[in-house]
Trainee: 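Mind looking over this structure? Questions follow.
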Amino acid sequence: QVQLVESGGGLVQAGGSLRLSCSASGRTFSIYAMGWFRQAPGKEREFVAAISRGGVVASYEDSVKGRFTISRDNAKNAVYLQMNSLKPEDTAVYYCAATSRYGTPWMAALDYDYWGQGTQVTVSS
């Protein structure tokens, strides 16, 4: 079992930046590809970004490309989401997730095995 804990959410004005962190338990963090998802009120959980086990390959949802950057530090059992140029439509609860699957784009929530509790990001106009 893996426990994931997000932090770094908060209230920010449009155009501002936040950096989300996700800390994972265990010594086998590097065996998981990691993803970030978000869920706004009344909407389904959607893919934001994902990163490969070695941190070499990353994928992004189209609306965040060029603004968000996912990274990981396997020595610290942590994954990060740097969010720049934030927009009100980025407002959501952000979740980190871990998947043990191979050979997938890591964009589907059903592909992930473990989830954090979420952290709220609110972007004001």
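Because only heavy atoms are used, hydrogens play no part in the values below, and waters and symmetry mates are left out as well, while side chains stay in. Predicted, not measured: the structure shown is a model, and the values here were computed from it.
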Trainee: Applying salt bridge (charged side-chain N to carboxylate O under 4.0 Å, His left out), can you list everything that pairs with Asp90, at least two apart in sequence or on another chain?
Mentor: Arg38, Arg67
Trainee: Less than 4.5 Å apart, any side-chain heavy atom of Val121 and any of Leu18?
Mentor: yes
Trainee: Looking only at heavy atoms, which two atoms of Ser30 and Asn74 are closest? And how far apart?
Mentor: CB-ND2, 3.6 Å
Trainee: Would you find more than 12 non-hydrogen atoms of other residues, nucleotides or ligands less than 6.0 Å from Glu46 atom CD?
Mentor: yes
Trainee: Do Tyr95 and Val48 touch side chain to side chain, with heavy atoms closer than 4.5 Å?
Mentor: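 With C-beta onward as the side chain, the pair stays apart.
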Trainee: Which heavy atom of Cys96 sits nearest to which heavy atom of Val79, and what is that distance?
Mentor: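 Here Cys96 and Val79 meet closest at CB-CG1, 4.5 Å.
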Trainee: I'd like to know if the side chain of Ser52 reaches the main chain of Val57, judged simply by a donor and an acceptor atom lying under 3.5 Å from each other, with no hydrogens or angles considered.
Mentor: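 Side chain of Ser52 to backbone of Val57, a donor-acceptor pair under 3.5 Å: yes, one is there.
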Trainee: When you measure from the centre of the six-membered ring of Tyr80, is the NZ or CZ of Arg72 closer than 6.0 Å and no more than 45° off the axis?
Mentor: no
Trainee: Measure across Ala33 and Tyr112 and return the closest heavy-atom pair with its distance rounded to 0.1 Å.
Mentor: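 Heavy atoms only, the tightest pair is O-CE2, 4.3 Å.
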Trainee: Contact between Thr69 and Leu81 at the side-chain level, heavy atoms closer than 4.5 Å - yes or no?
Mentor: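 No, too far: nothing below the 4.5 Å cut-off.
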Trainee: Can you check whether Phe68 and Trp36 have ring centres sitting under 6.0 Å from each other?
Mentor: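 When the ring centroids of Phe68 and Trp36 are compared, they turn out to be at least 6.0 Å apart.
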Trainee: Mark yes when over 12 heavy atoms from residues, nucleotides or ligands other than Gln13 sit less than 6.0 Å from its CD; otherwise mark no.
Mentor: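 12 or below, so no.
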Trainee: Are the side chains of Glu6 and Ser21 in contact, using a 4.5 Å heavy-atom criterion?
Mentor: no
Trainee: Could you tell me if Ser100 and Asp113 have a donor-acceptor pair between their side chains, going purely by distance under 3.5 Å?
Mentor: yes
Trainee: Under a 3.5 Å cutoff, is there a donor and acceptor pairing between the side chains of Arg53 and Tyr102?
Mentor: yes
Trainee: Determine the minimum heavy-atom distance between Ala58 and Ile70, stating which atoms define it.
Mentor: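 For Ala58 versus Ile70, the nearest heavy atoms are CB-CG2, 3.7 Å.
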Trainee: Check whether Val2 and Ile31 end up in the same hydrophobic cluster, where Ile, Leu, Val, Met, Phe, Trp and Tyr are linked by side-chain heavy atoms less than 4.5 Å apart.
Mentor: yes
Trainee: State, to 0.1 Å, how close Ala14 and Pro88 come at their nearest heavy-atom pair, and which atoms those are.
Mentor: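 In this case the closest contact between Ala14 and Pro88 is CB-CD, 4.1 Å.
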Trainee: Are side-chain heavy atoms of Ser59 and Met107 found at a separation under 4.5 Å?
Mentor: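 Counting from C-beta outward, Ser59 and Met107 do come under 4.5 Å.
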Trainee: Per the ring-ring contact (aromatic ring centres under 6.0 Å, His included) rule, which among Tyr94, Trp106, Trp115 passes with Phe37?
Mentor: Trp115
Trainee: Testing the basics here: between Leu4 and Cys22, what is the closest heavy-atom pair and its distance to 0.1 Å?
Mentor: CB-SG, 3.9 Å
Trainee: Using modelled atom types only, decide if a donor and an acceptor are shared between the side chain of Glu61 and the backbone of Lys65 within a distance under 3.5 Å.
Mentor: no
Trainee: Does Val12 belong to the same Ile/Leu/Val/Met/Phe/Trp/Tyr cluster as Val64, with side-chain heavy atoms less than 4.5 Å apart forming each link?
Mentor: yes
Trainee: Take the angle between the ring planes of Tyr32 and Tyr114 and call it parallel below 30°, perpendicular above 60°, tilted in between.
Mentor: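 Tyr32 and Tyr114: perpendicular rings.
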Trainee: Distance check, rounded to the nearest 0.5 Å: Ser71 atom OG versus Arg19 atom CZ?
Mentor: 5.5 Å
Trainee: Out of curiosity, Asn77 CG to Ser23 OG, how far, rounded to the nearest 0.5 Å?
Mentor: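 The OG atom of Ser23 is 8.5 Å from CG of Asn77, to the nearest 0.5 Å.
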Trainee: Check whether any side-chain heavy atom of Met83 sits under 4.5 Å from a side-chain heavy atom of Leu20, and report yes or no.
Mentor: yes
Trainee: Counting C-beta onward and ignoring hydrogens, is there a side-chain heavy-atom pair between Thr91 and Gln120 closer than 4.5 Å?
Mentor: yes
